[in-house]
Q: 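Right, I'll just put the structure down here and ask away after.
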Amino acid sequence: MFAFQQTHSCLEAEGRHMATITMPTTPARTRIAPSPTGDPHVGTAYIALFNKALAVRSKGQFLLRIEDTDRERYVEGSEKMIFEALRWLSLDYDEGPDVGGPHAPYRQSERSAIYKKAVDDLLSRKQAYRCFCTAARLEQMRSDMKARKEQPGYDRTCRKLSEDDARAKLAEGVACVVRLAVPLEGQTAFEDGLRGKTVFENRTIDDQVLLKSDGLPKYHLANVVDDHEMRITHVIRAEEWITSTPKHVLLYRAFGWEAPAFCHMPLLRNKDKSKISKRKNPTSLIWYRDEGFLPEALVNFLGLMGYSMSDQREIFTKEEFIADFDISRVGTTGPVFDLQKLEHVNGEWIQKRISLDDFVRRISAHWKGKYDEALVRKLAPLIQPRIKKLKEWSDYADSFFFGCPDYKTEELSGKRTPAEAAAILDRTIALVAGAPSFEHKALEEAAKAAAAEANMKPRDFLAAVFVAVTGKPVAPPLFDSMEILGRDETLARLRKARAKLA
RNA sequence: GGCCCCAUCGUCUAGCCCGGUUAGGACAGAAGCCUCUCAAGCUUCAGGCAGGGGUUCAAAUCCCCUUGGGGUCACCA
């Protein structure tokens, strides 16, 4: 039903980057299924991008499902942040909790009846069984196994329970979970769309808990039931799920359902190559937004992690990425999430890919009106080519809005003596006071002439002036700054600086 | 530790499937040019096929082993 081509050689192919499926020729339905357990995660956006790409490319649908079956880890407000973050990145979904859709509800906590029915079905066909073991017993069992150096896993005590015994315990009201009756022998294999065939020995697969004693499903159950009910055709998820895939395959089989295609993306990594984590790397999408990364740039960078464009372009829009997208170009090696490269990509976007007007809009939005709009407009062309993150705007702009910071004498005099710097400032004050035009070109010519008169190179002459006017050694160009500041303010600053050197 | 995944410059990667390249690009680094600071731009430099066996006239590319890294082993997802 959800057919996709498998290449004939896929079973023998062992080389790397060996995608075993081709792009679907029928509409694919994909999904992202985050848990609302905290700040929206950069990995969620990463996986969402690839799922979205496949859906759009195949003219299918991309949906959002909230996996909120863990009451312990549930964080209030997290779900809303997920919605907002995905929209911020333009990774919007065709179906989801806040947009609805034909398979609603899209929140697992609201689908209990569906899981209950599914589990009853499994139970009645002996594909699953009730387990009455207490947490304490399980813990004891595990530590015993560990002491004996055995592989940990449920010892299947309750699987041997007679139907009558189980019924009796149930009647007594003993708390229980439902476990999947995993075949004791044989193998379970699946074809990973990116990696080829992967085989697991069934004896290494635990009798997974499907339904918790609180009546809520565990991930494995909910995930399989929902993907089936929601007609998901391709599951693109992170590599960490590979080892649970055979459990899912077994579940599909137990239900008698056809499994979707699985593609396991490489995990985003910290610098030390471990799975990306907030202790070692910023992972919150909120952080990236607050830092002044453009959503376009973040998506662009995420695309670079795990994919390479067919023409090797590194700066591209989401649309360009999707247009190029081909499963066979998706990588399998875990990419280190390099903030420096992200900053480079963001810089390319800020400096070259957005218009001046757009830049102004984004600065205003990022700083929430902290800066006067008219002045932002004047300054924007000077600052846009100089920053890599919206957050850096303040470094260049503040002295135009909030006054000149106090001068550091060392910065003012620079490589010259304070007396020499003072002389230069005196000359500049006279020049600025008498300048017929306060247009930056005219100022520049006049200043350079003065430098020549003083028998100095422009850069030497202007060093002190630069700091005097802009307040710091890193700022927009001097003469443009003067023009924007105006004659009075420029003179005031020069005099204040001169006084500092007296 | 068992099982599973992965392996080209420090990092992201092209090349691998369909063996023959001076192994290409980007970020970061170094040097220089340009220059009113900082950016940008331009020109250079440095840096890699994890190791070992095969197969072959020829291996980054195909096969095997080793090593290394990662993931996973919950009434979390």
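Please read these numbers as outputs of a predicted model, since none were measured by experiment. Within every chain, numbering begins at 1; the chains are lettered A, B, ... in the order of the sequence lines, protein sequences first and strands thereafter.
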Q: Quick one: label A:Arg71 by what it contacts on the DNA or RNA (base, sugar-phosphate, nothing), any heavy atom closer than 4.0 Å.
A: nothing
Q: Take atom C1' in B:U11 and the same atom in B:A46, then report the distance between them in whole Å.
A: 16 Å
Q: Which whole-number value in Å describes the distance from A:Ile32 CD1 to B:A77 P?
A: 16 Å
Q: If the P atom of B:A77 is compared with that of B:U72, how far apart are they to the nearest Å?
A: 14 Å
Q: Take atom P in B:G1 and the same atom in B:U44, then report the distance between them in whole Å.
A: 49 Å
Q: Suppose you measure atom P in B:C49 against the same atom in B:C9; what distance do you get, rounded to whole Å?
A: 7 Å
Q: Would you please confirm or rule out a distance under 4.0 Å between OP1 or OP2 of B:A7 and any side-chain N or O of A:Arg269?
A: no
Q: What nitrogen or oxygen pairs link the protein and nucleotides 26-30 of chain B at under 3.5 Å?
A:
residue, atom, partner, partner atom, Å
B:A26, O2', A:Glu314, OE1, 2.5
B:A26, O2', A:Lys341, NZ, 3.3
B:A26, N3, A:Lys341, NZ, 3.2

Q: Who does B:U35 pair with, Watson-Crick or G-U, both distances under 3.5 Å?
A: none
Q: Of the listed nucleotides (B:C75, B:U13, B:C36), which one gets closest to any side-chain atom of A:Ser308?
A: B:U13
Q: Look at all strands and tell whether A:Ser244 reaches a base, only sugar-phosphate, or nothing, counting heavy atoms closer than 4.0 Å.
A: nothing
Q: Whole-Å distance between B:U37 P and A:Glu392 CD?
A: 19 Å
Q: Just wondering, do A:Arg31 and A:Asn223 contact through their side chains at under 4.5 Å, heavy atoms?
A: yes
Q: Figure out the CD1/P separation between A:Ile242 and B:G70, and round it to whole Å.
A: 16 Å
Q: Between B:C6 and B:C45, how far is it from one P atom to the other, in whole Å?
A: 37 Å
Q: Is there a Watson-Crick or G-U wobble partner for B:A30 with both distances under 3.5 Å, and which nucleotide is it?
A: B:U44
Q: Please report, rounded to the nearest Å, how far the C1' atom of B:G71 is from the CE atom of A:Met265.
A: 15 Å
Q: For A:Glu343, is there an ion pair with A:Lys388 - N to carboxylate O distance below 4.0 angstrom?
A: no
Q: Can you tell if the side chain of A:Thr22 reaches within under 4.5 Å of the side chain of A:Ser328, non-hydrogen atoms only?
A: no
Q: What interatomic distance, in whole Å, is found between C1' of B:G70 and the corresponding atom of B:C27?
A: 24 Å
Q: Using the C1' atom as the point on both nucleotides, what is the distance between B:C65 and B:U22, in whole Å?
A: 32 Å
Q: Find the distance A:Arg386:CZ to B:C36:P and express it as a whole number of Å.
A: 13 Å
Q: What's the CG-P distance between A:Asp206 and B:C4, to the nearest Å?
A: 16 Å
Q: Side chain of A:Lys212: nearest nucleotide among B:U37, B:C76, B:A74?
A: B:C76
Q: Give the rounded distance in Å between these two atoms: NZ of A:Lys472 and C1' of B:A39.
A: 14 Å
Q: Work out how far the C1' atom of B:U55 is from that of B:G20, and round it to whole angstrom.
A: 16 Å
Q: Quickly work out the A:Gln151 CD to B:C73 C1' distance and round it to whole Å.
A: 8 Å
Q: Paired with B:C57: which nucleotide, if any, by Watson-Crick or G-U wobble criteria at under 3.5 Å for both distances?
A: B:G20
Q: Under 6.0 Å between ring centres: does that hold for A:Phe321 and A:Phe50?
A: yes
